[in-house]
Amino acid sequence: MATFQTLPGFREFYPEDLARRNHIFRRWRQAAGTYGFAEYDAPVLEPLELYKTKSGDEIEGQLFNFTDKGGREVALRPEMTPTVCRLVGAKANALKRPIKWFSIAEFYRYERAQKGRLRAFFQFNADIFGEPGPEAEIELIALLIQCLAGFGLTKDDFCVRLSDRDLWFFYLEALGFNDTQARELLGAIDKVEKLGDAAFEAFAEKHGPLAPEKMAAILGFMKIRSLEALAAEIGRIGQDKLEARLGDWRRVIAGLTAMSLGEFIQVDLSVVRGLAYYTGFVFEAFDRKGDLRALAGGGRYNDLVKKLGLPDLPAVGFAIGDVTTGLLLEQRGLMPTFVQAPDVYCVIGGEKERAAAFGDIQALRAAGYRVDYPLKEVGFGKQFKAAAESGAKVALIYGGDEIAKGVVKLRDLTERSERDVPRADLLVTVRDFLAGA
RNA sequence: GCGGUCAUAGCUCAGUUGGUUAGAGCACAAGAUUGUGAAUCUUGGGGUCGCGGGUUCGAGUCCCGUUGGCCGCCCCA
């Protein structure tokens with residue numbers, strides 16, 4: 001066994017693995033491009049303080065962090081959001097609005113690896129800055145859907161659960177809770193799916209038991225799964241803030257429906273996400289059939305840019321990871337197999353013929369064709385076998401007889417037929433052959 | 001950080017109540033083969049049996065520890 005092992009939670013990408021990874025990246029990049037998002041990148045290493053400021057000191061336990069030789073406390077990035085906030089914030093006054101940016105980058109988290117979660121992973125991040133209205137949510141959720149639908153996944157494979165922290169705060173306010181209590185209740189709501197009623201025990205210990213009718217209202221609000229039911233409940237409460245917020249919901253749903261994406265959306269107020277920095281809509285993409293963890297997640301974070309010491313800038317964004325996406329595609333049989341085949345494979349008789357072949361090989365390569373040949377002199381039998389196994393459509397045979405006649409034998413590896421081609425016509429003949437094949 | 005489970009060749013695995021020099025298939029390489037295809041035959045390389053310790057005359061096999069994979073808990077930006 002090897003003396004040095006790969007670090008836990010890290011992956012190596014052998015050619016087949018990298019081909020699959022690139023396939024995912026290609027689709028994401030394509031989606032972002034068609035939605036008018038500009039790609040950026042940023043440092044892998046950042047000041048530790050950037051993440052502590054955003055998420056609190058406890059975050060350090062989940063980071064790959066160390067002190068560099070200059071005495072700086074630094075960390076490998078665990079996410080892109082604070083970084084992109086800094087990039088955008090630094091030039092906020094000079095950038096055209098809306099600012100629509102995306103990136104594909106590797107992230108590092110010091111956590112125990114398990115299914116769908118590793119210590120090093122890639123994420124596609126997309127954000128819109130400078131647009132406070134729900135139009136930004138429409139655009140971003142549509143992009144999120146395309147980031148999965150681009151692989152052939154349909155509304156039967158995944159859905160986007162839409163929720164809203166503002167709506168919750170207004171609702172809890174209407175029920176008579178103060179801001180501190182509301183935050184704690186949201187923490188409990190986030191855990192109800194796992195813990196059931198026990199999720200509210202911590203709240204009850206601090207603030208006294210929940211009145212049965214309020215508990216029932218909260219549990220009922222969580223179970224809302226349609227815009228109609230939401231409107232009905234808000235109408236029952238009759239509070240102005242809730243009514244106004246319902247208007248934003250109608251716009252988001254209407255917009256996505258007009259994009260023919262309505263069937264991907266699932267109203268689900270049980271999604272609140274643990275992160276305290278989200279300020280409005282939050283959304284997560286889920287596998288509809290399987291038991292995978294969340295495929296993607298995002299939401300609005302209007303206060304974060306300012307919190308990082310930058311201009312006040314509304315923002316909404318999401319991230320989707322390569323690990324769960326890859327698992328889902330494998331499960332659905334939507335991950336293609338990739339073969340790296342040359343267009344042309346050259347069979348070369350000996351050293352003399354090699355010199356002639358090299359000239360043609362380079363000419364074909366300059367014309368953009370993928371050309372391969374045996375590095376060392378081997379028998380014809382082996383070479384023909386290698387040519388067939390390479391996956392090339394055509395073999396060019398450089399034997400002593402051919403060179404003497406000024407021709408190359410062109411073998412159709414599919415049809416197993418051969419013909420002589422004057423070397424002067426080789427480029428044109430190969431081009432026509434490959435174009436016709 | 002906690003728990004379960006597994007670890008023999010590049011891959012899939014076999015390996016008897018502990019007993020000689022650890023095997024097979026696939027894959028890879030060479031040859032049969034100095035001009036024609038995934039075949040066949042022959043041959044070869046490749047293992048400190050994850051690592052370390054213990055029991056024993058003797059450990060791939062039993063015991064303890066440890067590292068790593070997988071699964072789950074905590075967490076999940």
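Reminder, nothing fancy here: chain letters follow the sequence lines and each chain counts from 1.
The distance from atom NZ of A/Lys382 to atom P of B/A32 is 8 Å, rounded to the nearest whole Å. The interatomic distance linking A/Glu389 (CD) with B/U36 (C1') rounds to 14 Å, in whole Å. Between the CZ atom of A/Arg416 and the C1' atom of B/A39 there is a distance of 11 Å, rounded to whole Å. Atoms CD (A/Glu58) and P (B/C74) sit 18 Å apart, rounded to a whole Å. Distance A/Lys385 NZ to B/C28 C1': 11 Å, rounded to the nearest Å. If you take CD of A/Gln62 and C1' of B/C75, they are 6 Å apart, rounded to a whole angstrom. Atoms OH (A/Tyr14) and C1' (B/C11) sit 12 Å apart, rounded to a whole Å. Protein atom CZ of A/Phe286 is 14 Å distant from nucleotide atom P of B/C76, rounded to whole Å.
Each of A/Arg72, A/Arg86, A/Lys52 was compared with A/Glu46 under the salt bridge (Lys or Arg N to Asp or Glu O under 4.0 Å) criterion, and only A/Arg86 meets it.
Within 4.0 Å (heavy atoms only), A/Gly350 reaches no atom of the nucleic acid at all. Counting any heavy atom pair closer than 4.0 Å across all strands shown, A/Gly9 reaches sugar-phosphate atoms only and no base atom. Contacts of A/Glu402 with the nucleic acid, taken as non-hydrogen atoms under 4.0 Å apart, include base atoms. Within 4.0 Å (heavy atoms only), A/Gly381 reaches no atom of the nucleic acid at all.
Remark: A/Glu79 CD to A/Lys54 NZ distance equals 3.0 Å, nearest 0.5 Å. Here the CG-CZ distance, from A/Leu426 to A/Arg431, works out to 12.0 Å after rounding to the nearest 0.5 Å. The CG atom of A/Leu95 sits 10.0 Å away from the CZ atom of A/Phe129 when rounded to the nearest 0.5 Å.
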Please walk me through it: do A/Leu63 and A/Tyr110 pass side chain to side chain contact (heavy atoms under 4.5 Å, CB included)?
CA-CA 5 Å; A/Leu63 296 177; A/Tyr110 199 88; 5.8 Å; no
Should A/Tyr373 and A/Phe358 be marked as a ring pair (Phe, Tyr, Trp, His ring centres under 6.0 Å) after you check the CA-CA gap, both sets of side-chain angles, and the distance that decides it?
CA-CA 9 Å; A/Tyr373 64 93; A/Phe358 274 13; 5.2 Å; yes
Give the intermediate values and the outcome of side chain to side chain contact (heavy atoms under 4.5 Å, CB included) for residues A/Leu118 and A/Phe10.
CA-CA 7 Å; A/Leu118 300 172; A/Phe10 283 72; over 6 Å; no
Does A/Phe433 form a side chain to side chain contact (heavy atoms under 4.5 Å, CB included) with A/Asp412? I'd like the steps, not just the answer.
CA-CA 9 Å; A/Phe433 180 88; A/Asp412 183 330; 3.5 Å; yes
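Residue A/Glu418 places a side-chain atom within donor-acceptor reach of the base of B/U36, judged by atom type and a 3.5 Å distance cut-off alone. On a pure distance criterion of 3.5 Å, no polar donor-acceptor pair joins the side chain of A/Arg411 and the base of B/G35.
On the C1' atoms, B/A14 is 13 Å away from B/A9, given to the nearest whole Å. B/G69 and B/G45 have their C1' atoms separated by 28 Å, given to the nearest Å. B/C70 and B/G37 have their P atoms separated by 44 Å, given to the nearest Å. Only the P atoms considered, B/G47 is 31 Å distant from B/G65, to the nearest whole Å. Rounded to whole Å, the separation between the C1' atoms of B/U8 and B/G15 comes to 9 Å. Separating the C1' atom of B/U56 from that of B/U17 is a span of 15 Å, rounded to the nearest Å. Between B/U20 and B/U16, the two C1' atoms lie 16 Å apart (nearest whole Å). The separation of B/U42 from B/A27, taken at their P atoms, amounts to 15 Å, rounded to a whole angstrom.
In this structure, A/Arg109 is not positioned above the aromatic face of A/Phe121 in the sense of NZ or CZ being under 6.0 Å from the six-membered ring centre and within 45° of the axis. A cation-pi arrangement is present between A/Arg77 and A/Phe107, with the terminal nitrogen or guanidinium carbon under 6.0 Å from the aromatic centre and inside a 45° cone about the axis.
Using cut-offs of 30° and 60° for the angle between ring planes, the A/Phe203 and A/Phe177 rings count as perpendicular.
Along RNA chain B, the nucleotide nearest A/Val378 and the nucleotide nearest A/Leu7 are compared for position; the residue whose nucleotide lies closer to the 5' end is A/Val378. Positionally, the nearest nucleotide of RNA chain B for A/Gln114 lies more toward the 5' end than for the other of A/Gln114 and A/Tyr278.
Here A/Phe380 counts as stacked on B/G35: its ring centre is under 5.5 angstrom from the base ring centre and the planes meet at under 30°.
Of all the residues in residues 101-112 of chain A, A/Arg109, A/Glu111, A/Arg112 reach under 4.0 Å from RNA chain B with at least one non-hydrogen atom.
Picking from B/U36, B/C71, B/C74 the nucleotide with the shortest atom distance to the side chain of A/Lys115 gives B/C71. Of the candidates B/A38, B/G35, B/G68, the closest approach to any side-chain atom of A/Pro8 belongs to B/G68.
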A correct dot-bracket answer for RNA chain B, with pairs being Watson-Crick or G-U at under 3.5 Å, [ ] for crossing pairs and | for inter-strand pairs, is (((((((..((((.....[...)))).(((((.......))))).....(((((..]....))))))))))))....
